Amino acid sequence: MDDNHKDDHVEDEIQACFDRKYPKSFFTYAGAGSGKTYSLVNTLNFIKEQFGIGLNVCSRQVAVITYTNAACNEILSRVEYSPIDPIP
C-alpha cells in the first residue's frame with residue numbers, strides 16, 4: 001500500500017459514526033500535517049452527499065469546532081464556503 005492510502009481506514013471509521021441507527025460524535029486529535037483537515041473536509045462532503053436533504057428538511061446543522069481562526073478559514077476554504085445543502 002502506498003503512503004497516499006495508508007490512512008484511508010480513518011475516514012471509514014469517521015463515516016461509521018454516522019450510522020443512521022446509532023449516530024455518534026467524533027473527536028480528531030493528531031499532530032500538525034497529519035491530515036486532520038483533509039479527513040474533516042472529506043467527512044463534511046460525505047455528510048452533504050448522504051444526509052444533506054434530511055438535514056435541510058429537519059432544519060438541522062453540523063457543528064465543527066476548531067481552536068484557531070486559521071483552521072476555521074482553511075476548512076471553509078476547502079469546502080468552498082458552501083453550507084451543507086442537498087446535492088441535486
Side-chain angles (χ1 to χ4, degrees):
M1 180 180 328
D2 62 46
D3 279 351
N4 292 332
H5 297 285
K6 69 179 180 180
D7 292 328
D8 284 353
H9 67 93
V10 173
E11 290 176 34
D12 293 337
E13 289 177 35
I14 292 170
Q15 290 176 6
C17 292
F18 297 95
D19 178 281
R20 292 179 192 264
K21 191 171 183 181
Y22 302 107
K24 300 181 241 179
S25 297
F26 66 93
F27 178 82
T28 303
Y29 180 82
S34 62
K36 296 178 300 293
T37 302
Y38 177 82
S39 292
L40 177 60
V41 168
N42 284 344
T43 299
L44 291 170
N45 288 328
F46 167 79
I47 292 168
K48 183 175 184 174
E49 291 171 11
Q50 297 295 313
F51 307 105
I53 292 172
L55 290 170
N56 280 342
V57 168
C58 297
S59 297
R60 296 203 174 181
Q61 299 177 347
V62 173
V64 175
I65 300 170
T66 66
Y67 289 105
T68 65
N69 287 334
C72 179
N73 293 335
E74 181 64 26
I75 293 163
L76 284 170
S77 172
R78 290 194 196 184
V79 296
E80 299 174 348
Y81 302 93
S82 173
I84 294 185
D85 292 326
I87 294 176

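The basis for the numbers below is simple: all heavy atoms, side chains too, and nothing from hydrogens, waters or symmetry mates. Numbers for residues simply follow the sequence, beginning at 1. Bear in mind that the values here come from a model prediction, so they are computed numbers and not experimental data.
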Supply the atom-to-atom distance [X] [atom1] to [Y] [atom2], rounded to the nearest 0.5 angstrom.
{"X": "Asn56", "Y": "Lys48", "atom1": "CG", "atom2": "NZ", "value": "10.0 Å"}
{"X": "Asn42", "Y": "Thr37", "atom1": "CG", "atom2": "OG1", "value": "11.0 Å"}
{"X": "Glu80", "Y": "Asn45", "atom1": "CD", "atom2": "CG", "value": "8.5 Å"}

Parallel, tilted or perpendicular, as decided by the 30° and 60° cut-offs, for the rings of Phe46 and Phe51: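 It falls in the perpendicular class, over 60°.
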Below 3.5 Å, can you tabulate the donor-acceptor pairs from side chains in residues 62-70 to any protein atom, sequence neighbours excluded?
unit_1	atom_1	unit_2	atom_2	d
Thr66	OG1	Thr68	O	3.1
Thr68	OG1	Ala71	N	3.0

Can you list, by chain and residue number, the hydrophobic cluster partners of Tyr81 when the side-chain cut-off is 4.5 Å?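 Members other than Tyr81 - counting any ILVMFWY side chain reachable under 4.5 Å - are Leu76.
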Tell me if a side-chain donor or acceptor on Lys36 pairs with a main-chain N or O of Thr28 at a distance below 3.5 Å.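 No, because the side chain of Lys36 does not come within donor-acceptor range (under 3.5 Å) of the backbone of Thr28.
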Treating Ser77 as the side-chain partner and Asn73 as the backbone partner, does any N or O pair qualify as donor plus acceptor under 3.5 Å?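 It does not hold such a pair.
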So which atom in Cys17 and which in Ser25 form the shortest heavy-atom distance, rounded to 0.1 Å?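 Scanning both residues completely, I find the closest heavy atoms to be SG-O, 4.2 Å.
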Tell me if the OH atom of Tyr38 is crowded by more than 12 foreign heavy atoms within 6.0 Å.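 No - once you tally the heavy atoms of other residues, nucleotides and ligands closer than 6.0 Å, there are 12 at most.
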